[in-house]
Structures are given as C-alpha cells and as structure tokens.
Amino acid sequence: MIESLIFIVLLAAGIYWFSKNIRTLIRNIKLGRDVVINDQPGLRWKTMAMVAIGQSKMMVRPVAGFFHILIYVGFVIINIEVLEIILDGIFGTHRMLAFMGAFYNFLIGSFEILALGVLLACVLFFCRRNFLKIKRFWSAEMSSWPRSDANIILISEIALMTAFLTMNACDMLLQQQNYSHYIKAGSFPVSSLIAPIFASLQPTTLVVIERFCWWFHIIGILAFLNYVPYSKHMHIFLAFPNVYFSKLLPKGTLNNVTAVTQEVKLMLDPTLPPPAVDANAAPMRFGAKDVTDLTWKQLLDAYSCTECGRCTSVCPANITGKKLSPRKIMMDTRDRITEVGINLDKQGANYDDGKSLLGNYITETELWACTTCNACTDACPVNIDPVSIILDLRRFVVMEQSAAPAELNGMFTKIENNQAPWQFSPADRLNWKD
Amino acid sequence: MNVPTLASMLAEGKTPEYLFWVGCAGSFDQRAQKVTKALVKILNHTGVSFAVLGTEESCTGDPAKRAGNEFLFQMQALMNIQLLQGYEVKKIVTACPHCFNTIKNEYPDLGGTFEVIHHSMLLQQLINSGKLTINGGTFKGKKVVFHDPCYLGRANDVYEAPREVIQKLDVALSEMHRSRAKGLCCGAGGAQMFKEPEPGSKDVNVERAEEALELNPNVIAVACPFCMTMLTDGVKNFNKEDAVQVLDIAELIAQAEEL
C-alpha cells in the first residue's frame, strides 16, 4: 500500500515536471517569428514516414545507421513494458499482464532480445565516441558539456537495460522456486544467461535485488524523461514534427522576403499604393540578429539537433579548416533561445541582456564561410536547415548593418551599376559572339 | 556565329522555342565565353530555335541574394521577370546552374513562372530524340571525371543528365568518392566567387581538385562556369594544367563533333 503511494507520487511528479519542461520548450519555440507551414500534408506525412519513422537518411552510414535503428526500435518497443510497470506500481501487483499467456511470454522474450541489442549498441556507441577519435565527435564545438551530455545519455540507457535484464534474471530464479507471489510468467532468453550469477543467493536477497532493479528502472525512466528536455536528446520526440514541417522545395530554393518585395515593388513603381501598416506592430528587422528574429521552424530545428555532426563532417568550409560548423550554428541557436527563455522567466518580458545570436554566439567569420552548397541539409537525418539561419544572419549584416565584406559590397555595386557582378558594360554583353 | 536576339526575332515576327539565358559569367568571363560559344554551335548544329537577350540581359540576382542582399536580388528579379514576360518567354535554357536555380525556384514566388532547363538537360533531350548524334570522336577512351555543381545536383536533383551526355562520348567516366548528392562544392557558391575565402587550412577548390586528380583523369568535366574557374585554378595549383583539361560538357560535345 505504502509502496503504491510512493510510486504514484513519483510518477505524478515525473510526469508533472516533464510536461512543465515541454511547455517551456514549446513556449520558447513560439518566441520565433510566425510562419505558416500547412501545404501538401500528404507529402509531409510521407516524408515523415520515410525520414523520421523509417530513418532513411541514417542508413547513409550503414554501421551507425543499423545500431541507431536497433536502439530506436528497442526504445519504442521496450517502452510497452513500462505500461505494465506503471500498472503494477499503481495497483501493487506483480506482472499484471501475465494473463495474456503465450503472447505475454513472447512480448517479454522480445523485450529481452531488444534490451540486449540496445545494451550492446550503446556500449559500442560509447566506445566509438570516447576511444575512437572520430573527427566529428571531437571538433571545437564538442566541448566538455556536449561530450558529457552524449555520455550521460548512453550510460543511462546502458544502466536502464542492465537493470531490466537483472530484474528479469532474479524474477526467473524466484519463479523457479515458486517463491511467494512470483508466478510463472514471461520467457527469459537473455536474462536466463546471466541468472547463474545470482543462482546461489537466498530468495530474500533475490527479492531485494529484483525490487531494487524494478524501482531503479522506473525511477531511471522518469529521471531520464526529465533529463531529455535539458539535453540534445530531445530529437527522440522532435525528429517527427521537425521532419513533418521540413522544407519540401528543391534544396536550392531560398525564401523570398515578403517585406522586401513590397518595398521593391514600390521602388519600381511609385504609383502603387503603399502597403497598409499596422501602427502598433513593432518595426520588423530585415534578416536575423537574434533568435527571436528567426521563425519557429528554425528554432524547432535547433531543439531537434542531436549534435551527430554529419552536417559538419560534409561541410566544405569546415573540411578545409574554416571556422564555420553547421552543427555549431544549430547548437548556438538552441543555447541562445534557451537563454532567452530563462531570461523571460526570471527577469520578465522587457529585460534585455544585451546579447544576441549574432556576435555573442555566431561570428561573421563563420557566416561568410558558407558556400550555400546544401551538403549539410542533405546530410541531416532529421532535415534540419542550417543554411536558412546563416542566410538570415547574413541578411541582417547586409541590410540592417551595411557591414558586408568589402569585396561583396563591390559586387553589389557592380550589379546595381552595370547589371553584372563584374565590372563590364551591359553594352558589351553580346561581345562574346564576335 | 548566328546568335539571334529576342528583339531582332520579334521585329521579324518570329518567336524562338528557347531563350538562351547566357548569364554574366557566360557573357563576360573569357573562359566561360568559350562554353557559351560551344553551346551556340550545338544549338545551331541541331537546329534548335533559340535567341538571347543580348544587351538586355541582366544578373539574375543569385550572388546578391546568397550574400544577404535581398533588396538587390528582388530588384534584379522583378526587372528580369518584367522583361521576360514582355517578350512572352516560355522556355529558358542556361549553362549556369545558379541562373537555372534562381529562375526555376525563386522567380515563381515573385510572379515569374518559366520552364527552365540546364544545358545538360537540353543536350540529353537532343541526344535522346536523335537530333544530336555522337560518334565517339576526340574523347573516345579518355578518362573523364564529372564534378557535380551543387546548384544542379543537390539543389535541384539533376545528376543523370550530364552523366548520360558524357557517356555518349565513349569515354571512361569515373566517379569521385564524393559525387552526386554527396558531391563536394567547388568553393564558389553562396557568393564566395566574389570574395577571398575565410581563413582556413586549405582552399575548397584545392581540396576538390585533389580529389579529382587522384583518379588520374584526362578531363575533369564541369557544368557550371563557377566550378570551371575553381577547378581550373585547383588543377593549376597542382601544376597539372598540361595533363588535365577542365572542360564543360557542352565543350566536350562540340569538340567531339568538331563543331
């Protein structure tokens, strides 16, 4: 009875904090500019099915792709077990769903095999990350926190899976001894292999270990659930909406700024009526200086990034030693919007910390190294678009600050004066034919 | 060289099938001019009805847009759209993937919808329809590497057209490790063409030329005037300009056919 009560309190607290974290996250994303993305729902669902659910882009790197899918499938399916754990916890029962008989045995057996798969994959990923010096896991932006974050996630999953299998091993031994309420239920293809370790223990000790693992498992899951919103691991939830709302146009298409169109049309034809201006609206910036100048989709991109670095490893600028790293663009955007959110909670809406994404986080040297080649957007397994953020920051530098590099200002002037980015007279355009 | 302008054709009451959008590089860059001429020779040879804008042509605005100058881009775009619509242009062919991308993807939203193809696609069509027949020729048996332009490949998913055209020349086409969707940029996109590279350990075009040269090709085939400049410089960096030619696919065809 008291156990059920403790369980219910823990479960309620875990879910409450998680929903609070998620509400903050959604609030932060909504600090971005509004943009309507509701076209082609059929294609959007299809893209989500392929890229997010089917993980099509992960398999470009087959080894990492395979083990990632193993963890993903394991994570989703083993969570069915959590349902039983919750029911048992609330009602003080043991293996409440055992009445399903053979199907229950099949489920538990499958969970065990998947748990072993997840365990092995996580150990493998941990070793790969820490002992193999894979360049993209050790680049500049992968400072101590991003590296620890990755390790915390992998170690948590290893611990959770170990607890799950240990729990089953003890449970199986207790079942064999017909001990107390440990009814015969489940099949244990994996934990039966580790059961000999515990075989010599007294039933009372086995019960203690089994209970400890049970509590460790569920408290671990609740703790992990509340760690995720503070980590790069949010991709497990956000990958799906992020891919759904991702760009469907050819990758080369960069958006046209509507506010600019209005002004340019007016310049070309002054007889046009000026657009209606909402006197209460804050004057809009051209381009982006800070995260709140970006759209909610760009902020969703940032929270969906799990820092795998596939973008950076294919970026021509990064490969050739430039400061630009598309992953860093996404990490900076996420860290800044999180900071803006914290300021909002602590200092209120009118507080200005004097910082901005451009300058305090991302430097102009990084911006001007991009070739807009879209290798990063092609490589991203969840269709994140760093190019759009780079472009919006460039737009601010050029249109609001008039601070483009001198050579680019020269190119602009030439286009303005002689309709070509080089110094040639328009009258000479056809001279090539002679 | 027979290069009709839209204005002259209109005066004669004729409308060409294609507007050949030459682009700034194709018009003014001495190396790219040769590509422009090669393409015109192919168009004349195959009897494709085309015209150019000549002195009326203007930058599409691509480098301005990618450098963040949306005002200048839209000024260019809206003026170009007005001009093209004035001439009732329906179909456009261009040898520049940047012009191709901008007109195809960024003009419709501003009111200008045209059917735009890259010259690799037109050459492919001409070969498939039998209008352009190639009999091996000069490049038979030569080792060719094709470098995907970002704005043709990744940006617009055109990977096969240039390859099909090259393969018609009976050459040994080999692929770099980074090709098609994984192709490495030449380093010129996003307005980099018009500025010095940011500080780094290497130039992008050198990295790319190195990758192409590892395959010991006779020819590095390109399909973009910017890639042409970057890879030509990259090859020079390794002092291989005498052994390895950098040629546009239009030049490959024109030279093979001795046009």
Side-chain angles (χ1 to χ4, degrees), chain A residues 60 249-257 260-261 263-265 267-268 286-287 314 316-317 319-324 365-366 368-375 378 391 393-399 404-405 407-408 410-412 415-416 419-422 424 426-434, chain B residues 1 3 5 22 24 26-29 33 36-37 40 52 54-55 57-59 61 63-72 74-76 78-79 101 104-106 109-110 150-151 154-157 181-182 184-185 187-204 207:
Chain A
V60 172
L249 298 164
K251 286 198 171 62
T253 317
L254 301 182
N255 72 314
N256 295 321
V257 181
V260 171
T261 314
E263 297 209 11
V264 171
K265 280 189 172 160
M267 276 158 77
L268 291 175
F286 292 119
V314 296
I319 288 170
T320 56
K322 276 82 174 172
K323 278 262 186 286
L324 174 65
T365 316
E366 292 164 66
W368 294 116
C370 177
T371 68
T372 69
C373 77
N374 272 302
D378 177 76
L391 182 71
L393 295 171
R394 281 186 179 185
R395 282 170 172 164
F396 176 80
V397 173
V398 171
M399 293 191 286
E407 299 146 299
L408 292 184
M411 180 261 288
F412 298 151
I415 294 178
E416 281 162 12
Q419 286 81 54
W422 296 286
F424 292 103
D428 295 339
R429 259 201 191 255
L430 204 49
N431 289 3
W432 54 267
K433 87 183 171 100
D434 307 313
Chain B
M1 189 171 259
V3 189
T5 61
V22 182
C24 301
S27 301
F28 296 121
D29 179 281
Q33 285 175 343
T36 308
K37 285 185 196 176
V40 167
V52 299
T55 55
E57 198 184 87
S58 181
C59 176
K65 183 179 187 86
R66 275 148 187 85
N69 196 335
E70 184 73 8
F71 273 102
L72 182 53
Q74 292 203 13
M75 287 286 280
Q76 292 297 119
L78 288 171
M79 286 190 301
N101 177 73
K104 171 179 170 276
N105 295 325
E106 288 159 3
D109 188 37
L110 297 170
C150 304
Y151 275 89
R154 243 186 329 267
N156 288 293
D157 295 314
K182 309 294 161 218
L184 185 79
C185 178
Q192 297 294 336
M193 184 69 192
F194 305 96
K195 62 186 271 294
E196 287 302 311
E198 296 304 309
S201 55
K202 199 176 188 179
D203 284 343
V204 179
E207 167 88 8

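Below, read A as the first sequence line, B as the second, and so on, with proteins coming before strands; counting in each chain starts at 1. Since we're looking at a predicted model, the values are computed, not measured.
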Chain B contact via A:W368 - which portion, at a heavy-atom distance below 4.5 Å: both
Structural part of B:E57 lying under 4.5 Å from a heavy atom of chain A: both
Rounded distance (nearest 0.5 Å) linking atom OG1 of A:T253 with atom CG of B:D109: 9.5 Å
Proximity breakdown for A:L254 and chain B, heavy-atom pairs closer than 4.5 Å: both
Heavy-atom pair count under 4.5 Å with chain B, highest-scoring of A:L430, A:D434, A:T320: A:T320
Minimum-distance pair of heavy atoms, taken over all atoms of B:F194 and A:P421: CE2-CB, 3.3 Å
Check ion pair A:K322-B:E198 (N to O, under 4.0 angstrom): no
Contacting moiety of B:E70, where chain A heavy atoms sit under 4.5 Å: both
Exam field: side chain B:N101 to backbone A:G252, donor-acceptor pair closer than 3.5 Å: yes
Contact check, side chains of B:V40 and A:W432, non-hydrogen atoms, under 4.5 Å: yes
B:F71 and A:F286 aromatic ring geometry - parallel, tilted or perpendicular at 30°/60° bounds: perpendicular
Side-chain (A:T372) to main-chain (B:G190) donor-acceptor, under 3.5 angstrom: yes
Heavy atoms of other groups near A:K323 NZ, more than 12 under 6.0 Å: no
Residue part contacting chain B, namely of A:E263, when any heavy atom lies under 4.5 Å: side chain
Non-hydrogen atoms of B:A67 and A:M411 that approach each other most closely: CB-CE, 4.2 Å
Minimum side-chain heavy-atom gap A:T365-B:P199 below 4.5 Å: yes
Leading residue by heavy atom contact count with chain A [cutoff under 4.5 Å; candidates B:G26, B:C24, B:A181]: B:C24
Closest-packed option against chain A by number of heavy-atom pairs under 4.5 Å, given B:D157, B:T36, B:N156: B:T36
Check: B:E196 main-chain N/O paired with A:E407 side-chain donor or acceptor under 3.5 Å: yes
Donor-acceptor contact present, side-chain B:Q74 to main-chain A:V264, <3.5 Å: no
Audit row: A:T261, B:L110, side chain to side chain contact (heavy atoms under 4.5 Å, CB included) steps and yes/no: CA-CA 8 Å; A:T261 314; B:L110 297 170; 3.8 Å; yes
Carboxylate-amine/guanidinium contact B:K182 A:D378, below 4.0 Å: yes
Contact class of A:A404 relative to chain B, heavy atoms under 4.5 angstrom: neither
Point-to-point distance, once rounded to the nearest 0.5 Å, from CH2 of A:W422 to CZ of B:F28: 9.5 Å
Flag side-chain contact, heavy atom, 4.5 Å: A:N256 against B:K65: yes
Heavy-atom donor-acceptor pair, B:R154 side chain to A:C373 backbone, under 3.5 Å: yes
Side chain / backbone / both / neither for A:V397 at chain B, heavy atoms under 4.5 Å: neither
